[in-house]
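Data block below; observations after.
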Amino acid sequence: MAFPKHAVIVTAAGSSERFNASKDLGVKKEYLAIDGHTILYRSIVPFLQVPNCAAILVTYPEGMEDQCAVALEDLLHQNFVPLILVKGGKSRQESVYEALKFLSTMALDAEFVAIHDGARCFVSPELIIRTLATAKVFKGAVPALPATDALKIIDDNGMLTHHIDRAHAVGVQTPQIFKYPQIWEAHQRAHNSGTIYIDDTQIFTDFGLPVGVCQGERENRKITYLDDIPDAEAQIEQYLKNLEEGKRSAKAARLLHQAMDEAKREQAGL
């Protein structure tokens, strides 16, 4: 297959609420490591192995650009594919919107956009290629796995209200890949409507465009809870310690520069 020119958006601007649910940690799960590399790093590298990737945009929470850059390890220094940090919004939908907005200012001439969760660090190049091939046929594509559990709908009181036919239910994964600029146009309409969407396939189909389904992978799981990372608590303790030391060093450097500037002004008689 000829690989169409495509861009990638990796969403990593969430608050990691479920990951930090049991403790007041406030740590981004994407910045922790599994087997020597951060989750964010592992979520991006497979996209660099797919031909004709024009750019990768990574969203980050406000005030955490430096931490995001550190979590990318050496990826910001590779010169194969431009990697750009984009400040995300308050929700995943807003973050994707901001990334697409930034993408619209770039002269990339991309035919497709892949949108991937930064916490899905086990994605494979084969799955990306399979989803991209499906998108070429349908304009939109999502990898999915058949449901294995009995699926139910409950009300706000936790009571069962409906029973879903498992034969027609699937669990979707990312990357979700869409024709461009149609996905940007769909996101603009969703943004202006004020509607809250579950994921990008819903935005795309509400825009009147089809989404095909390809075979997902069991290995392509999402890091969601604290125990998804074997040594998470030890990593978090060290991470917070390093972060606090970094803040102290930065503050000391600022005070030193201020003192030097003041001394220079006094010497100049200002």
Side-chain angles (χ1 to χ4, degrees), residues 1-14 40 43-60 75 78 80-89 91-118 120 123-144 172-193 195-214 216 220:
M1 129 181 181
F3 292 91
K5 194 172 186 180
H6 59 282
V8 179
I9 293 171
V10 177
T11 60
L40 185 59
S43 298
I44 292 171
V45 165
F47 289 93
L48 296 173
Q49 301 173 34
V50 178
N52 230 0
C53 179
I56 299 176
L57 287 73
V58 182
T59 66
Y60 66 88
L75 292 181
Q78 56 80 31
F80 300 107
V81 177
L83 201 155
I84 301 155
L85 302 185
V86 179
K87 185 173 74 172
S91 66
R92 184 184 186 280
Q93 181 179 334
E94 289 181 12
S95 294
V96 174
Y97 173 86
E98 291 299 327
L100 286 168
K101 183 179 179 181
F102 190 98
L103 183 63
S104 70
T105 67
M106 303 172 68
L108 290 182
D109 194 30
E111 187 180 353
F112 291 92
V113 174
I115 302 173
H116 184 61
D117 291 333
R120 285 193 187 270
V123 64
S124 68
E126 293 76 18
L127 178 60
I128 298 167
I129 292 168
R130 187 159 63 245
T131 310
L132 189 56
T134 305
K136 284 193 69 173
V137 176
F138 294 99
K139 296 186 179 179
V142 59
V172 301
Q173 303 177 333
T174 68
Q176 300 179 359
I177 302 180
F178 307 94
K179 189 78 173 174
Y180 185 82
Q182 286 87 335
I183 183 60
W184 170 224
E185 294 165 354
H187 257 277
Q188 290 178 82
R189 180 180 293 185
H191 181 76
N192 294 329
S193 73
T195 303
I196 298 174
Y197 286 89
I198 296 173
D199 71 351
D200 300 288
T201 61
Q202 189 181 10
I203 291 174
F204 204 65
T205 55
D206 272 13
F207 191 59
L209 294 170
V211 176
V213 175
C214 65
N220 185 29

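Worth knowing before you read on, the calculation uses all heavy atoms, side chains too, and leaves out hydrogens, waters and symmetry mates. Start at 1 with the first residue, then count along the sequence.
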Over all atoms of both residues, closest heavy-atom pair of [X] and [Y]:
X	Y	value
Phe178	Thr201	CZ-N, 3.8 Å
Ser43	His116	O-CD2, 3.6 Å
Thr11	Thr59	CA-OG1, 3.3 Å
Pro46	Ser124	CB-C, 4.3 Å
Leu127	Pro143	CD1-CB, 3.7 Å
Tyr60	Lys87	CE2-N, 3.3 Å

salt_bridge(Asp199, Arg92) N-O dist < 4.0 Å: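 Answer for the salt bridge query: no.
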Are Arg189 and Asp206 ion-paired here, with the side-chain N under 4.0 Å from a carboxylate O?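 So Arg189 does not pair with Asp206 through a salt bridge.
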More than 12 heavy atoms of other residues, nucleotides or ligands under 6.0 Å from NZ of Lys5: is that the case?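 More than 12 within 6.0 Å, yes.
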Answer yes or no on whether Lys179 is positioned over the face of Phe112, meaning its NZ or CZ is under 6.0 Å from the six-membered ring centre and within 45° of the axis. yes
Which label fits Trp184 and Tyr97: parallel for a plane angle under 30°, tilted from 30 to 60°, or perpendicular past 60°? tilted
Working to the nearest 0.5 angstrom, can you tell me the gap between Phe207 CZ and Glu185 CD? 5.0 Å
Any residue meeting side chain to side chain contact (heavy atoms under 4.5 Å, CB included) with Ala114, in chain and number order, not counting sequence neighbours: Val8, Phe47, Pro175, Ile177
